[in-house]
Amino acid sequence: MKHYQEDLIALQCALVRTQQALMASGARTVLVMEGRDGAGKDGSIKRIIEHLSPRNTRVVALPKPSDRETSQWYFQRYAAHLPAAGELVIFNRSWYNRAGVETVMGFSTPAQQAEFLRDAPDFERMLVESGITLVKLWLDISKKEQAERLDARRTDPLKALKVSDLDAVAQKKWKDYSAARDTMLARTHTPLGPWHCVRADHKKPARLAIIRHLIQRVAPAEIAAKVDQPDPEILFAFAPEAITDGRLAP
């Protein structure tokens, strides 16, 4: 993109002003970042938090649950990381693990997965009704693009920490992940917890669209009014027809 760096800096400045306002008002914000393996969640989060306050911004990327955590209420370990006044918490993968990788890989039972799909909208309703602003993003990429990015991870020593055992099955189970995505989006897209989808084959436009969307959702009106809406060809509100009309990778 010709003006990517200039646009990014301008949006990051708007994010800083937004956080100053949210800290002053005591607002609590949760950003859920979900998506395909290799879809660009880490890179997008890096650009969001680059100039924000470390004291008021937290990125939560939880590891495999311990034996003790598996005995708890499923949402319990996520609830422990919810924001206090003036904080932004970004979940780099979230409670939606149960609807994605756990479903595809069999890490939870069908009964647990059905319970999650029933309970997630109620959990999120409670968050929103408590005063938390909830923003949910699904980053989608094509199968070809995913293959190229996963291959790049394996050959780039700077990306060695991104490589996981699950990368090896992401392509093999592509259709299973698509089916899990479709069910998750359809069952958990609600008026209080809507999903927005990002077509992320091209990283830079996707990052700009994500930051624009975040500002539009959480910034005071006087800040949001000076930021363009995200390109609807890149970021759009989920609708069931997106599953079949080509906007989401089959």
Side-chain angles (χ1 to χ4, degrees), residues 31-45 61-62 64 74 91-121 123-124 135-154 159 162-190 193-203 205-207 209-210 213 230-250:
L31 172 59
V32 169
M33 295 283 280
E34 292 286 342
R36 298 270 195 183
D37 288 332
K41 296 180 295 297
D42 291 345
S44 297
I45 291 170
L62 298 183
K64 178 182 176 180
Y74 176 71
F91 284 94
N92 185 354
R93 296 200 182 277
S94 65
W95 45 92
Y96 283 102
N97 275 337
R98 177 138 292 178
V101 65
E102 288 192 21
T103 294
V104 173
M105 299 301 296
F107 295 157
S108 55
T109 68
Q112 289 173 321
Q113 295 152 19
E115 181 180 33
F116 171 82
L117 291 171
R118 183 193 69 217
D119 291 349
F123 174 66
E124 292 172 1
V135 182
K136 301 189 319 190
L137 292 175
W138 171 265
L139 277 63
D140 208 63
I141 53 175
S142 66
K143 187 176 183 181
K144 178 177 180 292
E145 182 66 21
Q146 185 190 66
E148 292 175 356
R149 293 185 187 182
L150 295 181
D151 284 343
R153 284 183 182 180
R154 288 187 284 269
K159 296 181 179 180
K162 290 188 174 185
V163 177
S164 76
D165 294 339
L166 294 176
D167 289 352
V169 297
Q171 289 273 293
K172 293 178 182 178
K173 292 184 176 289
W174 177 269
K175 290 185 178 180
D176 293 333
Y177 274 110
S178 293
R181 173 203 64 193
D182 296 346
T183 299
M184 180 193 79
L185 293 175
R187 292 285 300 278
T188 62
H189 176 72
T190 67
W195 281 104
H196 284 76
C197 303
V198 185
R199 303 178 72 180
D201 272 12
H202 302 287
K203 292 181 179 181
R207 291 168 184 165
I210 287 167
H213 176 71
D231 184 342
E233 293 295 315
I234 298 173
L235 189 150
F236 57 91
F238 171 74
E241 54 267 27
I243 294 170
T244 56
D245 67 11
R247 283 180 289 170
L248 292 174

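Start at 1 with the first residue, then count along the sequence.
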Problem set entry | Heavy atoms from other residues, nucleotides or ligands near CD of Glu233 exceed 12 (cutoff 6.0 Å) | no
For this session: Check whether any side-chain heavy atom of His202 sits under 4.5 Å from a side-chain heavy atom of Ile234, and report yes or no.
Result: no
Exercise. So Trp138 and Met184, side chain to side chain contact (heavy atoms under 4.5 Å, CB included) or not? Walk me through it.
Worked result: CA-CA 10 Å; Trp138 171 265; Met184 180 193 79; 3.7 Å; yes
Seminar exercise, completed: Taken to the nearest 0.5 Å, the spacing of Asp167 CG from Gln146 CD works out to 8.0 Å
For this session: Using the side chain to side chain donor-acceptor pair (under 3.5 Å) rule, take Ser164 and Arg153 through it: C-alpha gap first, then chi angles, then the decisive distance, then the call.
Result: CA-CA 10 Å; Ser164 76; Arg153 284 183 182 180; 5.5 Å; no
Seminar exercise, completed: OG (Ser178) and CG (Asp140) are apart, to the nearest 0.5 Å, by 7.5 Å
Exercise. Any donor-acceptor pair under 3.5 Å linking the side chain of Arg149 with the backbone of Asp201?
Worked result: yes
Exercise. Is the side chain of Lys203 donor-acceptor paired with the backbone N or O of Gly40 at a distance under 3.5 Å, no angle test?
Worked result: no
Exercise. Side chain to side chain contact (heavy atoms under 4.5 Å, CB included) with Lys41: which of Ile210, Val198, Leu139, Leu137?
Worked result: Leu139
Exercise. Any side-chain heavy atom of Arg199 sitting closer than 4.5 Å to one from Phe236?
Worked result: yes
Exercise. Does the side chain of Thr188 come within less than 4.5 Å of Tyr96's, by heavy atoms?
Worked result: yes
Exercise. Between CZ of Phe238 and CG of Leu185, what distance do you get to the nearest 0.5 Å?
Worked result: 5.0 Å
For this session: Given side chain to side chain contact (heavy atoms under 4.5 Å, CB included), test Glu34 with Lys136 step by step and report yes or no.
Result: CA-CA 8 Å; Glu34 292 286 342; Lys136 301 189 319 190; over 6 Å; no
Exercise. For the side chain of Arg181 and the backbone of Ala249, is there at least one donor-acceptor N/O pair under 3.5 Å apart?
Worked result: yes
For this session: For residues Ala99 and Ala180, report the shortest heavy-atom separation together with the two atoms involved.
Result: O-CB, 3.5 Å
Exercise. Between Phe123 and Trp95, is the ring centre distance below 6.0 Å?
Worked result: yes
Problem set entry | Note, Asn97 side chain near Leu62 side chain (heavy atom, < 4.5 Å) | no
Exercise. How far apart are the closest heavy atoms of Ala200 and Ala39, and which atoms are they?
Worked result: CB-O, 3.5 Å
Problem set entry | Electrostatic pair Arg36-Glu145, nearest N-O below 4.0 angstrom | no
Problem set entry | Non-hydrogen side-chain atoms of Arg247 and Cys197 separated by less than 4.5 Å | no
Problem set entry | Close side-chain approach of Glu115 and Tyr74, heavy atoms under 4.5 Å | no
Exercise. Out of curiosity, Met33 CE to Ile45 CD1, how far, rounded to the nearest 0.5 Å?
Worked result: 4.5 Å
Exercise. Looking at Pro230 and Ala209, what are the two nearest heavy atoms and their distance?
Worked result: CB-O, 3.6 Å
Exercise. Got a salt bridge between Asp37 and Arg93, using NZ or NE/NH1/NH2 to carboxylate O under 4.0 Å?
Worked result: yes
Problem set entry | Pairwise distance CD(Glu102) to CD(Gln113) - rounded to 0.5 angstrom | 7.5 Å
Problem set entry | Side-chain touch Thr103/Tyr177, heavy atoms, less than 4.5 angstrom | no
Problem set entry | Contact check, side chains of Asp151 and Glu148, non-hydrogen atoms, under 4.5 Å | no
